Amino acid sequence: NAGVTQTPKFQVLKTGQSMTLQCAQDMNHNSMYWYRQDPGMGLRLIYYSASEGTTDKGEVPNGYNVSRLNKREFSLRLESAAPSQTSVYFCASSAPRLNTEAFFGQGTRLTVV
Amino acid sequence: KQEVTQIPAALSVPEGENLVLNCSFTDSAIYNLQWFRQDPGKGLTSLLLIQSSQREQTSGRLNASLDKSSGRSTLYIAASQPGDSATYLCAVNSNYNNNDMRFGAGTRLTVKP
């Protein structure tokens, strides 16, 4: 049981390049999330998907797009990376209706130069 | 907008000491509150989840309490060990949208042998 799996673990991009972060969960959770973590600021929600086929903006959505490909997979795309998007990105999943814990991936450390 | 604050930002204690970590939130309309542990360079691991109707949860040496009316939660760690050294994060799920989980910036705990 792998839980939440993110790829890649590390990435360096040049300003203006694009990339997609992949996330998959094997817990049959309806909800999936993308967060970014910056020093001293905790985690901030970028986008979430409450069910397959739906996505919603979180606290800091600008510069990002997401796709809920199926129930298992939720990807985050940076179309034109900026240095301000240098951060650690976490994917998570949960089953809010069951009022149980959220599970997080190991994170992707992204540097934009 | 829900604001989550954790004080102190960092804490250093000798091994064996009992300690309390604090979390405060501004909007009492919460669905649940979770405490997470994060080791350096790793993802988040859920420690305890308190539903809005509950007052506390216990797991081993950990006890988390919730006082919605005052907007506070505490995480009590008994008989601390060096292996408890990590960052502890508090996260609050909104009652208006149970996919909207807001995090505090965390308390970095060091337990000295």
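Remember, it's a predicted structure, so these values are computed and weren't measured experimentally. In what follows, chains carry the letters A, B, and so on, assigned in the order in which the sequence lines appear, proteins first and then strands, with residues in each chain numbered from 1.
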Identify whether [X] and [Y] are in the same connected component of the hydrophobic contact network (ILVMFWY, side-chain heavy atoms under 4.5 Å).
X     : Y     : value
A:W34 : A:V60 : yes
B:L48 : B:L44 : no
A:Y89 : A:Y35 : no
A:M32 : A:L69 : no
A:L21 : A:V4  : no

Sort [X] into side chain, backbone, both or neither according to what part of it lies under 4.5 angstrom from a heavy atom of chain A.
X      : answer
B:L89  : side chain
B:Q6   : neither
B:R108 : neither

For the student: nearest non-hydrogen atoms of A:A102 and B:S46, plus distance =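 Smallest interatomic distance, heavy atoms only, reads O-CB, 4.0 Å.
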Okay, A:Y33 and chain B: the region with an atom under 4.5 Å from a heavy atom over there is side chain
Heavy-atom contact with chain B under 4.5 Å, split by part of A:L43 |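 Both parts, backbone and side chain.
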How long is the span from the [atom1] atom in [X] to the [atom2] atom in [Y], to the nearest 0.5 Å?
X     : Y      : atom1 : atom2 : result
B:Q34 : A:T100 : CD    : OG1   : 8.0 Å
B:K42 : A:F90  : NZ    : CZ    : 11.0 Å
A:S31 : B:M101 : OG    : CE    : 10.0 Å

Under 4.5 Å between any side-chain heavy atoms of [X] and [Y], yes or no?
X     : Y      : result
B:F36 : A:E101 : no
A:N99 : B:L49  : yes
A:D56 : B:N99  : no

Return the option, out of B:V4, B:N32, B:T45, with the maximum number of heavy-atom pairs under 4.5 Å with chain A.
->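 So the answer, after comparing B:V4, B:N32, B:T45, is B:N32.
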Of all of A:Q37, A:R44, A:R97, A:R109, which one pairs up most often with chain B through heavy atoms under 4.5 Å apart?
-> A:Q37
Pair B:N97-A:Y48, side-chain donor/acceptor within less than 3.5 Å =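 Judged by distance alone, the side chains do pair up.
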